[in-house]
Amino acid sequence: MCEAHEAGARLVHFPEGATCSPHKRIMSIAGCDQVGAADWNRVQWDVLQQELNQTAALARELRLWVVLGSVHRLTPPHRPHNSLYVISERGEVVTRYDERMLSKTKLTFMYTPGSIPVTFQVDGLRFGCSVGMECQFTEVFSEYERLDVDCVLFSTAGPGTPNNKGVFATQAQALAAMNSYWVSYAALTQSEGAPSGLISPRGKWLVQCPQHGEPVMAVVDLDDSEPNLARPWRRKVRDGIYEPHLVCNDARSNERQTF
């Protein structure tokens with residue numbers, strides 16, 4: 001956060017589980033050799049709360065917006081959410097996004113799914129939030145397009161396995177291009193997937209962290225002065241602009257088995 005402030009950043013975006021992301025086997029009541037229901041009594045919630053309070057205090061001191069992954073405790077016996085906290089430059093939690101599209105393991109053994117999209121504004125730009133494996137679900141990102149966001153902050157801890165290195169980052173690039181907005185891709189340093197960075201509305205990396213196994217930060221300015229022509233055109237298409245131009249009674253159009 002201090003490095004981001006020194007670099008002139010207004011908002012810093014961290015990965016999924018930046019403060020707490022307990023592994024499914026560590027949490028399993030069946031022991032580390034078998035995945036089972038998570039025992040959330042093992043979490044030192046008071047320690048996590050202290051860390052979050054200190055993070056909010058530093059955000060206030062630096063006048064810096066902070067978006068970071070954590071576990072959000074619910075009222076027992078409900079399982080917690082896998083969340084992103086949005087902390088304002090005043091050190092206040094202005095909103096929280098809860099992962100909606102959970103993996104099978106997360107849903108079965110670990111977390112309570114969220115239910116709504118979340119947006120917030122900083123310096124005239126509107127941001128949306130996404131976390132986990134939600135880049136696998138285009139509907140999450142198309143919903144944010146309808147909510148008129150300028151950038152989606154996508155935090156993840158994966159996939160990062162030898163068989164699918166970088167697939168989430170590739171999907172994030174496609175989603176940025178499909179919806180014509182920026183996507184901030186925040187992944188873990190130790191992940192085997194693609195490194196973190198920011199993707200343009202054209203689906204190109206504007207900046208990307210080097211992948212050398214050490215924590216590192218990428219800084220970029222979001223410039224919304226360039227007209228975005230693709231986005232309004234797609235909205236017109238979805239509103240039925242083609243309908244008056246369709247031909248329904250032309251035999252040459254209806255016959256599909258001739259040249």
Side-chain angles (χ1 to χ4, degrees), residues 1 4-5 7-16 18 56 59-60 62-70 72 81 83-101 114-132 134-135 137-156 168-169 171-186 196-207 218-239:
M1 288 169 62
H5 171 70
R10 290 283 291 126
L11 181 149
V12 60
H13 174 211
F14 289 103
E16 175 185 10
R60 181 173 62 251
L62 300 176
R63 305 296 294 175
L64 179 71
W65 285 76
V66 180
V67 178
L68 80 165
S70 190
H72 181 75
H81 292 308
S83 303
L84 290 179
Y85 288 117
V86 178
I87 304 170
S88 77
E89 62 183 354
R90 299 183 301 274
E92 301 169 348
V93 180
V94 295
T95 190
R96 186 193 74 249
Y97 178 74
D98 307 317
E99 184 180 7
R100 292 179 281 171
M101 305 301 187
S115 59
I116 60 171
V118 163
T119 65
F120 65 98
Q121 285 190 259
V122 178
D123 297 344
L125 293 175
R126 183 179 297 277
F127 294 88
C129 295
S130 179
V131 66
E134 290 186 330
C135 63
F137 298 89
T138 58
E139 58 267 35
V140 171
F141 287 77
S142 59
E143 182 177 32
Y144 279 124
E145 192 278 335
R146 292 193 297 273
L147 291 173
D148 214 27
V149 305
D150 300 292
C151 177
V152 171
L153 305 172
F154 174 55
S155 297
T156 186
F168 281 14
Q171 289 170 325
Q173 286 184 265
L175 291 164
M178 288 168 59
N179 294 290
S180 299
Y181 52 49
W182 290 289
V183 172
S184 177
Y185 179 84
S196 303
L198 190 107
I199 305 164
S200 78
R202 298 180 184 271
K204 304 294 185 182
W205 290 101
L206 290 178
V207 63
V219 181
V220 67
D221 292 327
L222 299 186
D223 181 7
D224 63 347
S225 60
E226 182 179 352
N228 189 335
L229 301 179
R231 200 164 171 178
W233 173 251
R234 282 197 293 266
R235 289 181 174 180
K236 288 181 179 179
V237 169
R238 291 177 179 130
D239 286 340

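Treat the numbers as computed from the prediction; the structure is a model and nothing was measured.
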Gap between atom CG of Leu222 and atom CG of Asp123 - 0.5 Å precision: 10.0 Å
Euclidean distance, Ser83 OG relative to Asp98 CG, rounded to 0.5 Å: 4.0 Å
Flag side-chain contact, heavy atom, 4.5 Å: Arg100 against Glu143: yes
Main-chain N/O of Arg202 paired to Ser200 side chain as donor or acceptor, under 3.5 Å: yes
Separation of Arg231 CZ from Asn179 CG (nearest 0.5 Å): 7.5 Å
Backbone N/O of Arg126 and side chain of Asp150: donor-acceptor pair under 3.5 Å: yes
Audit row: Leu125, Cys151, side-chain contact (heavy atoms from CB on, under 4.5 Å) steps and yes/no: CA-CA 8 Å; Leu125 293 175; Cys151 177; over 6 Å; no
Glu16 side chain vs Gly69 backbone, donor-acceptor pair below 3.5 Å: no
Candidate pair Tyr97 and Leu153, rule side-chain contact (heavy atoms from CB on, under 4.5 Å), full reasoning: CA-CA 11 Å; Tyr97 178 74; Leu153 305 172; over 6 Å; no
Heavy-atom neighbours of Arg235 CZ exceed 12 at 6.0 Å: yes
Parallel, tilted or perpendicular: rings of Trp205 and Tyr185 (30°, 60°): perpendicular
Main-chain N/O of Val118 paired with Tyr144 side-chain donor or acceptor, under 3.5 Å: yes
Polar side-chain atom of Thr156 near backbone of Gly132 as donor-acceptor pair, under 3.5 Å: yes
Nearest non-hydrogen partners of Val207 and Ala218, listed with the distance: CG2-CB, 3.9 Å
Short side-chain to backbone donor-acceptor contact, Tyr181 and Phe141, under 3.5 Å: yes
Parallel, tilted or perpendicular, as decided by the 30° and 60° cut-offs, for the rings of Phe154 and Phe168: tilted
Main-chain N/O of Met178 paired with Arg234 side-chain donor or acceptor, under 3.5 Å: yes
Validation row: Arg63, His5 side chains within 4.5 angstrom (heavy atoms): no
From Met1 atom CE to Ile87 atom CD1, the distance as rounded to the nearest 0.5 Å: 7.0 Å
Derivation and outcome, side-chain contact (heavy atoms from CB on, under 4.5 Å), residues Cys129 and Phe120: CA-CA 9 Å; Cys129 295; Phe120 65 98; 3.8 Å; yes
Residues Leu175, Ile199; criterion side-chain contact (heavy atoms from CB on, under 4.5 Å); working and verdict: CA-CA 10 Å; Leu175 291 164; Ile199 305 164; over 6 Å; no
Nearest heavy atoms of Leu64 and Ala4, plus distance in Å: CD2-CB, 4.4 Å
Spatial distance of atom OG (Ser155) from atom CZ (Phe14) [nearest 0.5 Å]: 10.0 Å
Neighbour count above 12 (heavy atom, 6.0 Å) for Asp239 CG: yes
Atom pair CZ/CD1 of Arg96 and Ile116 - distance to nearest 0.5 Å: 8.5 Å
Closest heavy-atom pair and its distance - Ala59, Ser88: CB-O, 3.9 Å
